[in-house]
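Within every chain, numbering begins at 1; the chains are lettered A, B, ... in the order of the sequence lines, protein sequences first and strands thereafter. The structure displayed is predicted, hence computed values, not measured ones.
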Amino acid sequence: MKMNTLESEDSKSSDFSSTDEISLLVIILDTNPGQRILRDNPRTLTQCVDSVIAFANSHLMQKSQNKLVVMACHSKTSEFIYPNSDKPLDVRQVDGQYEIFTLVERTIKRNLAKMIAAESTALCNESLLAGAISMALCYIHRIQKTKPVGCKLNSRILVVTGSGDSAFQYMSYMNVFFTAQKQNVVIDVCALDQHLSLLQQGCDITSGLYLKIPQLQGLLQYLLWVFLPEPPIRPKLVLPPPVKVDYRAACFCHREMVDVGYVCSVCLSIFCKFSPICTTCHTVFKIPGPLAVKSKKKKMKL
Amino acid sequence: MTTSSEEILLQVPHVRYKKGDGTLYLMDQRIAWMMENRDTVSISHLYSDIKTQKISPEGKAKVQLQVVLHSGVSSTFHFINRGGIQEQSADRDRVKELLQTLLPKFKRKVDKELEEKNRLLSTNPTLLQLYKDLVMTEVVTSEEFWTHHAVQYTQAQKTQQQAIGVSGAFLADIKPQTDGCNGLKYNITADIIECIFKTYPAVQKKYIEHVPAKLSEAQFWTKFFQSHYFHRDRKYVESKDLFTECGKMDDQEMKKDIQTGVKDPLVDITTFVDKSLDECYGMEVEKTPGSSGTVSQAMIKRFNQHSIMVLKASKNKHPEPESSDSSPSNVKGVEVSSNSISNGISSADDAHVNKKIRIQEKITYEDLDSSNDTSNASKSILNLSKVERYLHGPMPGSNAEYLSVNDASSINRNILNECKQWQGGRQQTSNLVSPAAAVGALGELSPGGALMRGFQEQSLAQLVPSDIEKEVRNLYLSLSELLNHFWKCFPPTTSTLEQKAVKMHEALHRFHGTKVKPFEDKLIRELSPLSYHLTKHLNQLLNVAYQKFNNWQKMKTLHR
């Protein structure tokens with residue numbers, strides 16, 4: 001439903017026909033009031049929003065054909081806050097600023113305020129980032145399908161969030177990451193507060209950049225320095241090197257990360273200890289006899 | 001120089017060497033020449049040093065013999081028997097023949113093994129490098145190197161090499177040279193002769209019959225190239241020839257082959273009939289069966305013969321006849337068909353069965369075949385419990401916290417107030433990023449900054465000069481070879497393995513001392529900033545091995 005209105009808006013404003021290469025940036029801004037940095041200091045929200053707006057405008061400034069989408073993500077809902085879902089705001093030139101920039105700022109702030117006002121009182125510090133990313137992927141997919149023949153669309157998603165990523169969304173995250181990889185969509189993540197290991201995996205899978213910023217004051221600087229360059233240009237720049245991502249699996253029994261574990265040959269369940277009967281599929285395994293004897297011997301020696 | 005035990009096999013007087021007259025001696029170990037009226041030998045070559053001997057061609061004024069050594073030095077002896085040219089060449093031939101029998105004996109004596117090793121080293125740069133690093137520095141003895149470290153190379157040598165087939169154009173490749181006076185000169189080598197024999201077995205028979213007795217080798221080959229047999233597709237008509245018989249022999253051979261036919265039941269050669277389109281419209285052409293009719297027919301016949309020979313050559317290798325891919329006798333029409341049909345009737349049943357088997361082979365796939373019925377029966381349904389465990393991520397549990405209603409509403413209020421400020425127009429945009437924060441961020445993002453950890457190592461590759469890089473690579477090559485053998489000794493279950501472990505441990509220490517340490521010193525001198533990084537891993541590898549060895553030794557002493 002929302003998609004439809006967006007489409008009508010988009011088809012009006014878009015003039016893809018004259019371009020050959022378009023860069024589409026989807027910014028997912030986590031504005032969940034429950035996250036720690038906003039709880040501690042509400043002013044941080046203004047700073048984040050202003051930084052993201054400045055960053056978005058820089059993106060639009062790089063090339064007149066560049067496209068921008070901004071989404072806000074909360075604990076129960078995710079919404080597109082730019083471009084406007086209904087008719088675009090009527091903006092006149094202010095202070096000689098490029099009208100589009102004013103439009104971006106006004107639209108984002110108005111829609112965000114509306115969304116926060118509608119926020120329920122039951123707060124949770126968990127944001128639906130996976131859902132927001134999948135919405136962004138749907139949007140990108142639609143643009144990809146409706147774009148004129150012969151023009152190339154480079155799309156990427158930037159997630160700016162201060163909340164943590166939890167195992168509740170694990171499956172959704174993984175689905176989203178691999179979809180993005182398949183669609184050639186790069187996912188960048190800028191972590192404001194906590195280290196996000198799941199999203200880091202997503203960056204690694206889609207060959208995007210993951211950055212946990214050390215200080216919030218310089219947010220715009222980090223955004224402009226690290227995330228503004230297009231993915232094709234990035235290899236030529238000196239950017240933070242990719243960190244080794246922990247892809248270890250968790251065992252099914254204790255949910256602990258295991259370096260070496262036992263995998264059921266029938267159902268592929270992972271266990272940290274050998275058990276003669278797989279607890280998932282009830283397959284009975286032979287007990288590896290000599291192994292037990294050996295371990296005993298070693299103990300005696302020591 | 002001459003030792004008393006030496007036996008003189010042949011003594012030829014009147015031999016001139018470098019303007020001095022003297023006597024040539026053929027001893028059992030060497031060839032020697034002594035000046036007249038002297039008692040010392042001025043020329044002496046061991047037979048094992050001699051590569052080849054050469055003689056002056058017939059009809060030259062000087063009758064000479066030259067021996068060429070492996071070192072490239074050659075000595076020429078001029079035979080000057082006063083009995084004239086006949087005597088001189090007789091002298092020469094005696095020497096030549098004796099040398100001919102002697103030289104091959106000594107050739108085998110040349111250290112074949114050494115030569116082989118030399119060849120291996122020169123053809124395998126990796127092995128050569130290993131040899132340089134391990135043997136020349138005396139980390140490992142030469143024997144150890146060849147028995148342990150170069151096994152895969154020496155083994156590879158032992159695998160049988162495939163026999164080289166006959167090139168299709170080998171006869172065309174013999175380029176005849178004009179000798180000026182209306183003649184042609186063919187240079188043929190042993191390889192070419194081999195090829196000729198392979199393609200024309202009849203010629204080989206003739207060769208065996210004629211060559212030593214009736215004709216010289218050269219004469220035989222001259223005849224061969226002149227003969228009607230060789231040129232037969234050009235339709236020479238010549239009366240009497242050495243090779244006329246060969247043609248008949250070939251024909252017989254071919255007939256035999258045609259009679260045996262092709263055994264493949266799926267290939268029906270009998271249907272290939274040599275008919276032109278005209279014949280179907282009643283334009284009958286007289287045929288001369290069996291014999292060579294036109295030039296082109298003779299040519300085709302030769303091609304067929306050649307194909308048969310090629311097929312036969314491959315058959316000798318594989319005992320089971322596999323001839324499905326070629327039909328060599330598809331040209332000879334009438335005769336073939338009648339023969340093959342009679343052949344077919346006699347073994348009709350057999351052929352039928354064979355055919356069935358062959359078709360079965362082609363149309364069934366084992367892995368697809370049985371699966372259909374058996375899988376249904378034995379398929380067990382996967383019965384999973386606690387499926388949700390698949391869906392949980394590696395993160396243990398939830399760190400989500402729910403805020404109380406009071407907290408939530410106060411936070412919401414704060415945030416809303418913040419939002420309301422936005423509506424009032426633009427304010428305080430000037431301090432979105434403070435200069436200090438921006439500079440701090442830039443510092444963190446520049447090489448060496450807090451966020452750029454790991455970047456330094458990446459650029460290490462660019463900092464290392466190529467010669468050092470090569471050296472490191474060689475170090476790794478040698479070390480991994482040694483370590484490979486070291487770790488293979490564990491667990492040391494036999495005494496030989498134990499000994500080897502001790503030996504390899506020593507070798508590792510030697511390698512450490514003679515190769516790694518000097519390299520490290522050199523690095524510190526030349527490029528100090530990365531000296532440690534480059535050999536870090538090498539040292540780690542070595543230390544792990546040392547530790548393993550020490551632990552093992554400790555265990556051994558504890559046991560006793």
> Is there side-chain contact between B:E444 and A:Q221, with at least one heavy-atom pair below 4.5 Å?
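A side-chain contact under 4.5 Å is absent here.
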> Would you mind telling me which of A:L38, A:T279, A:L112 has the largest number of heavy-atom pairs within less than 4.5 Å of chain B?
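That would be A:T279.
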> Does any backbone or side-chain atom of A:Q217 lie under 4.5 Å from a heavy atom of chain B? Answer side chain, backbone, both or neither.
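Contact with chain B is through both the backbone and side chain of A:Q217.
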> Please flag which part of A:L211 lies under 4.5 Å from any non-hydrogen atom of chain B: side chain, backbone, both or neither.
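It is the side chain, since no backbone atom gets that close.
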> In the structure I gave you, are the side-chain heavy atoms of A:L45 and B:I415 within less than 4.5 Å of one another anywhere?
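Counting from C-beta outward, A:L45 and B:I415 do come under 4.5 Å.
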> With rounding to the nearest 0.5 angstrom, report the SG to CZ distance, B:C419 to A:R110.
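Spacing of SG (B:C419) from CZ (A:R110) equals 14.0 Å.
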> Output the option from B:S446, B:A441, B:S434 having the highest count of non-hydrogen pairs under 4.5 Å with chain A.
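The option with the most such pairs is B:A441.
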> Using heavy-atom distances under 4.5 Å, tell me whether A:V258 contacts chain B through its side chain, its backbone, both, or neither.
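Neither part, no heavy atoms under 4.5 Å.
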> Taking A:C278, A:S51, A:P214, A:C253 one by one, which has the highest count of heavy-atom pairs under 4.5 Å against chain B?
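Counting heavy-atom pairs under 4.5 Å, the top option is A:P214.
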> Applying side chain to side chain contact (heavy atoms under 4.5 Å, CB included), run through B:L384 and A:C267 and close with a yes or a no.
CA-CA 8 Å; B:L384 299 178; A:C267 66; 3.7 Å; yes
> Can you tell me if B:K503 has over 12 outside heavy atoms packed within less than 6.0 Å of its NZ?
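Count not over threshold, so no.
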> For A:P33 and B:I411, which heavy atoms make the closest approach, and how far apart are they?
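Minimum heavy-atom contact is O-CG2, 3.4 Å.
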> What residue, out of A:L220, A:V266, A:L224, has the most heavy-atom pairs lying under 4.5 Å from chain B?
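Top count of heavy-atom pairs under 4.5 Å with chain B: A:L220.
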> Would you give the length of the straight line joining atom CD of B:E418 to atom CD1 of A:I116, rounded to the nearest 0.5 angstrom?
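So the gap between those two atoms works out to 9.5 Å.
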> If you tally heavy-atom pairs under 4.5 Å against chain A, which of B:L442, B:L416, B:N417, B:L445 wins?
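When all of B:L442, B:L416, B:N417, B:L445 are compared, B:L445 has the most.
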> Let me know if A:S269 has heavy atoms under 4.5 Å from chain B in its side chain, its backbone, both or neither.
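It is both, since atoms from each part get that close.
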> How many angstroms lie between atom CG of B:N414 and atom CG of A:D40, to the nearest 0.5 angstrom?
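Rounded to the nearest 0.5 Å, the CG-CG separation comes out at 11.0 Å.
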